[in-house]
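Okay, so here's the structure we're looking at.
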Amino acid sequence: MKKLYVIFLVLLSANTWAQSKLDHVDPLFWFTGMKNPKLQLLVHGKNIKGYTATLNYPGVKLVEIHQVENPNYLFIDLEISADAKAGKFPISFLEKGKKKFDFSYELKNRDASPSRIQGVTNKDLIYLLMPDRFANGDPSNDKVKGLAEQTLNRDSMYYRHGGDIQGVMNHFDYFKDLGVTTLWMTPEIENDMPKASYHGYAVTDHYQIDPRYGTNPLFKTYVEKAHANGFKIIKDIVHNHIGTGHWIFKDMPMKDWVNQWPVFTQSSYRDEPVMDIHAAEGDRKKMLDGWFVPTMPDLNQRNPYVQNYLTQNHIWWIEYAGIDGLRLDTYPYNEPEYMADWAQKLKAEFPHLSIFGETLVNSVASQAYFTQGNTVNRGFDSQLPGVTDNVLKNTIYEALNGKSGWTDGIFRLYNILSQDFLYQDATRNEIFLDNHDMSRFYSMVNEDINKYKSGIALLLTLRGVPQLYYGTEILMKNYSDPDGLVRSDFPGGWAGDKMSKFTAAGRTPQENEAFNFVSKLAHYRKDSPALTTGKLIQYVPEDGMYVYFRTTENGPKSVMVILNVEDKAKTLKTDRFAAQLKNTAGLTNVITGGKLNTTKEITVPAKTTLVLELN
């Protein structure tokens, strides 16, 4: 018995040594039954360049081993047949024909559960939050030994505050009360950077959840429990750049893994050269290849190894966790041809997955340029279903803040929506009033509760997929100069907080007024086919008022929306809306429940958006 025990320890020690010989093998594991049979393993270990490899597992073929300029890397191409079974198998690494060690790799079965990868559509309401700033559900992971940043300071907007995935899970009931259907966190991925690592956009390991937020299994549990509670999940991903703390950046496979310049060159942040047929090539290169900031190296997406690494990583997370949609950070900064190829490959694996790209540009044509369908004569199909509708957000502010003129204010709001013909489908766009990169909505309407309600009413009744930024529902405020000011903690998310805004008792009367307004309309929208999938019919604004309808072809309960942006009450004569109001006995105010028994004239209070259900 003692002899067997010794043999077991020797074997265990040998296997541990074999696995530790390699620092990284990405993807961590893979899945059977994928549409694309090809898989490229990135293998990282000290001086492994001269090694060869073999494997013997039914349905798995080793196609090619690529040696690159850094001797610490091998890229191994595998082909996995449709009939390959889940299981573990050794990859044997050899030097000069002699086996040096085995590495155990695993194939897992794909999960075909119906609740997974549902897609996020215009039937949903997205709630965007920053996990570090929302709620601290597990204080034990506030500081993690070995990570570069060890400062925990809630008094500073740029240090870690301790929020985490468990904190989000602890407030599922709050999200239900509010009426949201989808949760989107800024990236949960590891950001092992020395400072300002809380935002998540400087990844340092693509395959690990940041340990201050939790673990990979906890993230998977978060998605599963969210689904069980009726929520969908969006994952925020970054193609364009990584953090300087990334282990790959510290020991790059090849010099052109990132875009290199003779001297440091930052992106111009100008999207125009990407689409300008007259653009100088140097301007286009600076936009696409310039680094976002000095701490975020710009990935070279023309490099096929970089392409494979990113695409496989995103497929891995979707299949591993079962997420429903992706938000693509800094979309215009990416290599266009690669992004189209990336989208095609993801759609092939996950037909119901939703994708929208962040495009903070300044015209409808610019936004449409990035979307799928080649609708504006781009020359190829980007395969991107929808974008973040920054142009609509800007014009809502213009309308609410009273600017007026032949093409300004509510007329511009009407005009922007009239350009939806440029998109293949504008209802796939994500619409919003603010987010973590811009001034908060309540501040932008000068803390005017009437304008606030008016804007919320527009957000929840216009076409597209609405997104609410955390705290908007309780009138959180501030401006984005500097940006940390719009990323403050949600009150009540920490054990020592003096009050909790998660409960009505902890909110002021005005905060409850705002919360109840959002909740009432969000719940109504959830059950209204007219507001989620109905047709938008808008009328040219007249007399300071803008009117539109949301209707379904044969469905009941169409909705009429009237925006009065002026400082005085207005009377709207309804003759011109006869086509939509025919056979209507009356109207019901969705928020108050009040009845309007005549549709000939409607009184609209100052600075108000009325949402009326047709009876």
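Only this structure's heavy atoms are used, side chains among them; waters, hydrogens and symmetry mates stay out. Because the structure is a prediction, the values reported are computed rather than measured.
- Side-chain contact annotation: Asn374 with Asp381, donor-acceptor N/O pair under 3.5 Å absent.
- Between the side chain of Asn429 and the main chain of Val387, a donor-acceptor pair closer than 3.5 Å is present.
- When side chains are defined from C-beta on, Leu107 counts as touching Phe89, because their heavy atoms get closer than 4.5 Å.
- Side chains of Tyr369 and Arg378: a donor on one and an acceptor on the other come within 3.5 Å.
- Under the ring pair (Phe, Tyr, Trp, His ring centres under 6.0 Å) criterion, His66 pairs with Tyr305, sequence neighbours left out.
- Put simply, OG1 on Thr186 and CG on Asn435 are 10.5 Å apart, with the number rounded to the nearest 0.5 Å.
- The shortest side-chain heavy-atom distance between Asp298 and Asn240 falls under the 4.5 Å cut-off.
- No cation-pi contact links Lys235 to Trp184, judged by a cut-off of 6.0 Å to the six-membered ring centre and 45° from its axis.
- Under 4.0 Å is where a charged nitrogen must lie from a carboxylate oxygen, and between Arg116 and Asp111 at least one such pair does.
- A ring-centre distance under 6.0 Å is found for Tyr201 and His436.
- Ring centers of His206 and His314: at least 6.0 Å apart, outside the cut-off.
- Atom CD in Gln307 sits 7.0 Å away from atom NZ in Lys345 (nearest 0.5 Å).
- Pro253 places none of its side-chain heavy atoms less than 4.5 Å from the side chain of Asn72.
- One distance of note links NE2 of His199 with CG of Asn191; it measures 6.5 Å at 0.5 Å rounding.
- Dense packing is recorded around NZ of Lys285, with more than 12 heavy atoms of other residues, nucleotides or ligands lying under 6.0 Å away.
- No side-chain heavy atom of Thr54 sits less than 4.5 Å from a side-chain heavy atom of Thr52.
- A side-chain donor-acceptor contact under 3.5 Å links Lys347 and Gln383.
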List the atom pairs, donor and acceptor, that lie under 3.5 Å between side-chain atoms in residues 124-137 and the rest of the protein, sequence neighbours left out.
| residue | atom | partner | partner atom | Å |
| --- | --- | --- | --- | --- |
| Asp124 | OD1 | Thr181 | OG1 | 2.8 |
| Asp124 | OD2 | Thr121 | N | 2.9 |
| Asp124 | OD2 | Lys232 | NZ | 2.9 |
| Tyr127 | OH | Glu473 | OE2 | 2.7 |
| Asp132 | OD1 | His161 | N | 3.0 |
| Asp132 | OD1 | Gly162 | N | 3.0 |
| Asp132 | OD2 | His161 | N | 3.0 |
| Arg133 | NE | His161 | ND1 | 3.4 |
| Arg133 | NH1 | Met157 | O | 3.3 |
| Arg133 | NH1 | Arg487 | O | 2.9 |
| Arg133 | NH2 | Met157 | O | 2.9 |
| Arg133 | NH2 | Tyr159 | O | 2.9 |
| Asn136 | OD1 | Asp138 | N | 3.3 |
| Asn136 | ND2 | Asp142 | OD1 | 3.2 |
| Asn136 | ND2 | Asp142 | OD2 | 3.0 |
| Asn136 | ND2 | Gly162 | O | 3.4 |

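- Looking at Gln424 and Gln372, their side chains do bring a donor and an acceptor atom within 3.5 Å of each other.
- Using a distance-only test at 3.5 Å, with no hydrogens or angles considered, a donor-acceptor pair links the side chain of Asn334 to the main chain of Thr330.
- Between the side chains of Thr204 and Glu190, at least one donor N or O lies within less than 3.5 Å of an accepting N or O.
- No side-chain donor from either of Asn141 and Tyr213 sits under 3.5 Å from a side-chain acceptor of the other.
- Lys393 and Gln467 form no side-chain donor-acceptor contact under 3.5 Å, judged by distance and modelled atom types alone.
- In this structure a side-chain-to-backbone donor-acceptor pair under 3.5 Å is missing from Ser92 to Ala53.
- Considering Trp291, Tyr333, Phe292 as possible partners of His241, the one that fulfils the ring pair (Phe, Tyr, Trp, His ring centres under 6.0 Å) test is Phe292.
- Between the side chains of Asn36 and Glu349, not a single donor N or O lies within less than 3.5 Å of an accepting N or O.
- Using bins of under 30°, 30° to 60° and over 60° for the plane-to-plane angle, the ring pair Phe93/Tyr51 lands in the tilted bin.
- Of the candidates Val168, Ile233, Ile234, Asp236, Met185 forms a side chain to side chain contact (heavy atoms under 4.5 Å, CB included) with just one, namely Val168.
- Asn70 and Asp251 share a side-chain donor-acceptor pair at under 3.5 Å.
- At a threshold of 4.5 Å between non-hydrogen side-chain atoms, the residues Gln312 and Gln40 count as touching.
- With a 4.5 Å cut-off on side-chain heavy atoms, Arg212 and Ser197 count as touching.
- Closest approach of Thr388 and Glu358 over heavy atoms only: OG1-CA, 3.4 Å.
- Relative ring orientation between Tyr158 and Tyr198 is described as perpendicular, the plane-to-plane angle rising above 60° on a 0-90° scale split at 30° and 60°.
- Both the sub-6.0 Å distance and the 45° axial angle are satisfied by Lys108 relative to the ring of Phe29.
- Using a 4.5 Å heavy-atom cutoff, the side chains of Leu346 and Thr311 are in contact.
- Two residues are said to be in side-chain contact when any heavy atoms from C-beta on lie closer than 4.5 Å; Tyr320 and Lys220 meet this criterion.
- For the residue pair Leu28 and Gln208, the shortest heavy atom distance occurs at CD1-NE2, 3.8 Å.
- A ring-centre distance under 6.0 Å is found for Phe219 and Trp317.
- In this structure, Tyr423 contributes its side chain and Pro385 its backbone to no donor-acceptor pair below 3.5 Å.
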